[in-house]
2 protein chains.
Amino acid sequence: MRAQANGRPASSGIPEATVARLPVYLRALTALGESGLRTVSSEQLATAAGVNSAKLRKDLSYLGSYGTRGVGYDVEYLRYQIAREIGVNQDWAVVIVGIGNLGQALSNYGGFRSRGFRIVALVDGDASRVGEMHGDLAIAHIDELDRLVVERGCSIGVIATPGDAAQAVADRLVAAGVTSILNFAPAVLTVPEGVDVRKVDLSIELQILAYHEQRKRTPGADREGLPSEQVVES
Amino acid sequence: MRAQANGRPASSGIPEATVARLPVYLRALTALGESGLRTVSSEQLATAAGVNSAKLRKDLSYLGSYGTRGVGYDVEYLRYQIAREIGVNQDWAVVIVGIGNLGQALSNYGGFRSRGFRIVALVDGDASRVGEMHGDLAIAHIDELDRLVVERGCSIGVIATPGDAAQAVADRLVAAGVTSILNFAPAVLTVPEGVDVRKVDLSIELQILAYHEQRKRTPGADREGLPSEQVVES
DNA sequence: TAGATTGTTAATCGATTAACAATC
DNA sequence: TAGATTGTTAATCGATTAACAATC
């Protein structure tokens, strides 16, 4: 029973599935706002976010009662409330570990800065790459990690190393005080309680697509000839 | 009721949550096999994959009965069965659209080729980049997309364009015959029935981490002082 | 007031987990 | 046989959805 009986937000009692959709709503609201829209119905916003309106309203109800019956939601007000709830109004310092192709791409990605994420350090284990400039950041050696995390106040670390280096990097990040990790390395990480890890695994995503693709080609022996289903991932 | 009463696999009746974990088990089995292990218990494999053993056994039961009671699973046999189920034994031709930093990183990513994904075309909308070589592939213009998809048999397309180009690219991919799309662009895609879309959104991942990070810092007013929870994403 | 739309309830669905009978 | 471990059951939990009373 996570939702509260009264109209007040449950602050931390928001279901994970809802938390994962809030950034999607935020993005949709930003786009709608930029197009000049002042008020939006749950139906409109749901369409823009790619969900159904019942789910959207249920999700928003965890934050509070920010809509007006018969009217809809004020775009700017709702956008602000969601941004505050997520914490995007703050500035988050991020360190990237592993400056290969992917690490470089991430360090150049414009979508981070505009959403409150500031990349403040680039770290690599290869000593020959130390000093190499990317934007206005120089690559530092992994041995500097602890100092950099503390000095620059990083609470989020991104791991973009090969799989076999990932656990050691995670250990170092945690020891330095990082409590949130975004892991692109193909490895299962073990971290202490209180540290959040999210995993983005490119070849796993392709493999999931391949699974469904295979079934489109070989109409399943034990299933009636159904039209191949759509599996849109949230 | 997706599991069948008998021991036979339900081929296409595997729950999505299970499908998403099969590649994780596959990777763990490959690593265990390379380390010389011949037989593995559900407990060992579950640990290697970062799940609990009950979930692992339930997941595997959708594929069939590939273990031996009192003994465990034959590593190589189970690895093969999962690979076959996913479709990784086949070769999948992939086209990448949008050769910016991320597209380049993806085109160089070694983890794809070794898992049956062959990148066979790089496409970009910027005419001035056409001909530029990446590995042994030259960038082609987006107008060549249809021809390339047909000639090279692509069934999977990767979108790594800016958000505002993504829907048009998706439309072109679908028109050319692509039925599975991995979307890195920050945009909600609309596709016809029968086309699968999976979305990887880097700033959404960071925002989800930020949400939890914020709560670690401001011990929620309406929650007893609990140790900040771990949210390891599968 | 009449029409529109939210916020919430309750039913349903799917995923997780513990426990254990089956069986190697 | 005794010990180990799978495969399955059933309980529980969390997420989704339709429907509608509340209310602007």
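Residue numbers start from 1 in every chain, and the chains themselves are labelled A, B, ... in the order their sequence lines are given, proteins ahead of strands.
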Go through the structure and list residues passing side chain to side chain donor-acceptor pair (under 3.5 Å) with B:S155, not counting sequence neighbours. A:R217

The criterion is salt bridge (charged side-chain N to carboxylate O under 4.0 Å, His left out); which residues satisfy it with A:R118, sequence neighbours excluded? A:D91

If the condition is salt bridge (charged side-chain N to carboxylate O under 4.0 Å, His left out), which residues does A:D201 pass it with, not counting sequence neighbours? A:K199, B:R27

Earlier contact from the 5' end, DNA chain D, for A:G70 and A:T18: A:T18

Please list all pairs passing the salt bridge (Lys or Arg N to Asp or Glu O under 4.0 Å) test where one or both residues lie in residues 59-73 of chain A, with sequence neighbours left out. A:R21-A:D59

Interface polar pairs with nucleotides 18-21 of chain C, N/O, under 3.5 angstrom:
| unit_1 | atom_1 | unit_2 | atom_2 | d |
| --- | --- | --- | --- | --- |
| C:dA19 | N6 | B:R57 | NH2 | 3.4 |

With sequence neighbours left out, the residues meeting side chain to side chain donor-acceptor pair (under 3.5 Å) with A:T30 are none

How many whole angstroms separate atom CG of B:L60 from atom P of C:dT17? 15 Å

OP1 or OP2 of C:dG7 versus the side-chain N and O atoms of A:Y73: is any pair under 4.0 Å? yes

Find the distance B:D59:CG to D:dG7:P and express it as a whole number of Å. 13 Å

Round to a whole Å and report the spacing from CZ of B:R21 to C1' of C:dG14. 12 Å

Under 4.0 Å: is that the gap between some side-chain N or O of A:S42 and OP1 or OP2 of C:dT5? no

Whole angstrom is fine here: how far is it from CD in B:E43 over to P in D:dG7? 15 Å

Identify, residue by residue, the members of residues 33-40 of chain B with a heavy atom below 4.0 Å from DNA chain D, and return them in order of residue number, or none. none

Separation of B:D74 atom CG from C:dC24 atom C1', in whole Å? 15 Å

Check whether NZ of the Lys or CZ of the Arg B:R215 lies under 6.0 Å from the centre of the six-membered ring of B:Y211 and within 45 degrees of that ring's axis. yes

If you look only at pairs with a residue in residues 28-56 of chain B, which of them pass as a salt bridge (Lys or Arg N to Asp or Glu O under 4.0 Å), with sequence neighbours excluded? none

Please name the residue in the list A:T39, A:L32, A:L60, A:L26 that meets the side-chain contact (heavy atoms from CB on, under 4.5 Å) test with A:L78. A:L60

To the nearest angstrom, the CG-P distance between A:L78 and C:dT5 comes to 16 Å

Holding to ring pair (Phe, Tyr, Trp, His ring centres under 6.0 Å), I want the full list of residues that pass it with B:Y80, two or more places apart in sequence or in another chain. none

Quick one: do A:S61 and A:R57 satisfy side-chain contact (heavy atoms from CB on, under 4.5 Å)? Show the steps, please. CA-CA 6 Å; A:S61 76; A:R57 288 199 303 278; over 6 Å; no

Quickly work out the A:K55 NZ to D:dG14 C1' distance and round it to whole Å. 13 Å

Distance check needed: D:dT6 C1' versus B:Q44 CD, whole Å only. 14 Å

Return the stems involving DNA chain D, sorted by first number, where pairs are Watson-Crick (N1-N3 with N6-O4 or O6-N4) or G-U wobble (N1-O2 and O6-N3), both under 3.5 Å, and runs are 3 or more long. C:3-24 with D:3-24

Picking from D:dT6, D:dA15, C:dA15, which would you name as closest to the side chain of B:S41? D:dT6

If only side-chain N and O atoms of B:T68 are considered, is one of them under 4.0 Å from the OP1 or OP2 phosphate oxygen of C:dC24? no

What residues, two or more places apart in sequence or in another chain, satisfy side chain to side chain donor-acceptor pair (under 3.5 Å) together with B:R79? B:E76

Check residues 160-175 of chain B and write down every donor-acceptor pair under 3.5 Å in which the side-chain atom is one partner and the other belongs to a residue at least two apart or another chain.
| unit_1 | atom_1 | unit_2 | atom_2 | d |
| --- | --- | --- | --- | --- |
| B:Q167 | OE1 | B:T190 | N | 2.8 |
| B:Q167 | NE2 | B:D171 | OD1 | 2.8 |
| B:Q167 | NE2 | B:T190 | O | 2.9 |
| B:R172 | NH1 | B:I142 | O | 3.3 |
| B:R172 | NH1 | B:D143 | OD1 | 3.3 |

